[in-house]
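Note sheet for the following structure.
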Amino acid sequence: MAIEDNSQVRTEGSVRDREIVAARVIVTCPGRNFVTLKIETRSGVYGLGDATLNGRELAVASYLQDHVIPNLIGRDAGRIEDTWQFFYRGAYWRRGPVTMTAIAAVDVALWDILSKIAGLPLYQMLGGRSRDGVLVYGHANGKDVEETVQEVGRYIEKGYKAVRAQSGVPGIKKAYGVSNLKNAYEPAESELPLETVWNTTKYLNTVPQLFEKLRATHGPDIELLHDGHHRMTPIEAARLARDLEPYRLFWLEDATPADNQQSFELIRRHSITPLAVGEVFNSIWDCKQLIEKQLIDYIRTTIVHAGGITHVRRLADFAALHQVRTGFHGATDLSPVCMGAALHFDTWVPNFGIQEYMQHCQETNDVFPHDYTFREGRLYCGQTPGHGVDIDEKLAAKYPYSPKQLPIARLEDGSMWDW
Ligand code: EZ4
Ligand code: CO
């Protein structure tokens with residue numbers, strides 16, 4: 001290994017400095033659970049990568065601790081591509097959320113290290129900025145249509161130019177996206193999954209009313225988004241997408257599960273509402289058909305769950321060929337480390353669409369000091385070398401892991417459904 005690099009006399013010293021001498025996993029729960037990988041080089045430069053997989057955190061922690069870290073020690077932190085290939089091809093058992101989240105944590109930590117060594121903010125390493133700020137959307141929700149319309153108004157007052165709207169549905173006790181605390185919607189709220197009951201008919205009757213009121217109240221300029229969260233069949237999704245056309249959504253997300261990528265052809269055939277999908281994807285192979293057949297407009301796959309910057313960059317370039325733009329997942333279960341890396345990526349990527357931005361709570365922000373800032377509907381990454389997000393390990397140690405799983409959904413007759 002590293003024969004080529006070592007033969008170059010001029011870089012020999014720096015290769016030795018870049019040798020990985022330590023790596024460890026930090027599990028903490030400042031308001032919610034996060035898994036973070038910290039990699040250290042001989043010269044003392046360290047990098048951080050997010051490894052959080054909501055409701056399955058310890059599986060990734062073990063994958064890293066037991067199977068990845070022993071392979072990291074002694075490697076050159078500068079060989080980001082080779083390290084990615086080593087953990088993807090070399091594992092033999094490729095893909096899957098646990099593996100790809102673990103690879104992402106390594107990859108982001110290495111990009112962080114290399115950027116710090118270069119003394120540059122990460123977006124410079126990718127090719128420099130394509131824009132000044134990153135358009136974000138916030139999460140408005142309410143117990144009914146009225147309250148949700150008001151909540152969207154609050155986001156507009158705060159300067160947001162794009163808002164996702166999710167409202168309670170009459171007859172459904174616990175609709176997706178509606179929180180008790182408004183700002184912080186944290187679905188993973190109990191040790192064993194909360195059982196919710198779903199009814200598609202009631203949902204399909206409510207959502208168009210919500211968006212009709214939103215347009216009537218807030219006018220044509222605000223960008224509006226909605227997340228169907230995998231609950232509809234393709235033909236039901238096609239109907240909702242068509243019913244929403246008069247209200248010109250920025251996108252309809254996760255209209256139907258995408259295990260069968262071809263399902264989206266049916267939605268596409270019936271509607272011009274823009275479609276977004278992919279927060280649960282781990283690989284370019286999960287969306288190859290969706291992209292090359294132009295069945296979607298935005299790809300939601302993000303850095304932490306899809307193999308890091310090295311893989312998602314490849315995915316974004318492929319999407320660009322088909323006029324599909326990025327719209328990264330950015331819920332609070334993705335840590336500030338992921339958000340920092342995502343913002344550098346968003347600042348660079350030519351085919352950027354939008355970035356989801358659910359604000360972390362104060363405890364989370366204190367454990368993960370960062371240099372990104374919100375201004376007039378956009379997030380701006382900072383100029384600190386690396387991705388600009390750190391961890392306060394002493395503070396992190398004060399918040400022990402707290403087991404929590406995501407809810408499940410059943411139909412009224414008890415059949416399991418997609419949550
Ligand atoms: O349910 O991140 O668009 N955002 C979402 C999120 C997801 C959670 C799952 O861990 O769909 O709220
Ligand atoms: Co979603």
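Everything numeric here is computed off the predicted structure, so don't read it as measured data. Every number for a ligand or one of its atoms is a count from 1 in the order of the listing.
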For this session: Could you tell me whether the Co ion (ligand 2) has an N, O or S atom of Asp254 under 2.8 Å away?
Result: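 Asp254 does not place any N, O or S atom closer than 2.8 Å to the Co ion (ligand 2).
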
For this session: Examine all N, O or S atoms of Glu356, backbone included, and report whether one is under 2.8 Å from the Co ion (ligand 2).
Result: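 Given the 2.8 Å cut-off, Glu356 does not count as a ligand of the Co ion (ligand 2).
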
Answer yes if the ring centres of [X] and [Y] are under 6.0 angstrom apart, and no otherwise.
X      : Y      : result
His230 : Trp419 : no
Phe345 : Trp348 : yes
Tyr298 : Trp251 : yes
Tyr372 : His370 : yes
His387 : Trp111 : no

When you check ligand 1 against the protein, what N or O pairs turn up below 3.5 Å? List the atom names and distances, or just say none.
residue: ligand 1; atom: 1 (O); partner: His229; partner atom: NE2; Å: 2.8
residue: ligand 1; atom: 2 (O); partner: His329; partner atom: NE2; Å: 3.0
residue: ligand 1; atom: 2 (O); partner: Asp333; partner atom: OD1; Å: 2.7
residue: ligand 1; atom: 2 (O); partner: Asp333; partner atom: OD2; Å: 3.2
residue: ligand 1; atom: 3 (O); partner: Arg164; partner atom: NH1; Å: 3.3
residue: ligand 1; atom: 3 (O); partner: Asp227; partner atom: OD2; Å: 3.1
residue: ligand 1; atom: 3 (O); partner: Glu253; partner atom: OE2; Å: 3.1
residue: ligand 1; atom: 3 (O); partner: Glu279; partner atom: OE1; Å: 3.0
residue: ligand 1; atom: 3 (O); partner: Arg300; partner atom: NH2; Å: 3.0
residue: ligand 1; atom: 3 (O); partner: Glu356; partner atom: OE2; Å: 3.2
residue: ligand 1; atom: 4 (N); partner: Glu279; partner atom: OE1; Å: 3.2
residue: ligand 1; atom: 4 (N); partner: Glu356; partner atom: OE2; Å: 3.2
residue: ligand 1; atom: 10 (O); partner: Asn54; partner atom: ND2; Å: 2.9
residue: ligand 1; atom: 10 (O); partner: Asp333; partner atom: OD1; Å: 3.4
residue: ligand 1; atom: 10 (O); partner: Asp333; partner atom: OD2; Å: 3.0
residue: ligand 1; atom: 11 (O); partner: Tyr176; partner atom: OH; Å: 2.9
residue: ligand 1; atom: 11 (O); partner: Asp227; partner atom: OD2; Å: 3.0
residue: ligand 1; atom: 11 (O); partner: His229; partner atom: NE2; Å: 3.1
residue: ligand 1; atom: 11 (O); partner: Glu279; partner atom: OE1; Å: 3.0
residue: ligand 1; atom: 11 (O); partner: Glu279; partner atom: OE2; Å: 2.8
residue: ligand 1; atom: 12 (O); partner: Tyr176; partner atom: OH; Å: 2.8

Kindly give the atom name of the N, O or S atom of [X] closest to the Co ion (ligand 2).
X      : answer
Glu253 : OE2
Asp227 : OD2
Glu279 : OE1

Problem set entry | Residues Asp317 and Arg313 bridged, charged N to O under 4.0 Å | no

For this session: Please determine if Arg375 forms a cation-pi arrangement with Tyr380, meaning its NZ or CZ atom is less than 6.0 Å from the six-membered ring centre and no more than 45° off the ring axis.
Result: yes

For this session: Report yes or no: is the cationic atom of Lys158 (NZ for Lys, CZ for Arg) under 6.0 Å from the centre of the six-membered ring of Tyr155, at an angle within 45° of the ring normal?
Result: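 Flagged: Lys158 positioned over aromatic ring of Tyr155.
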
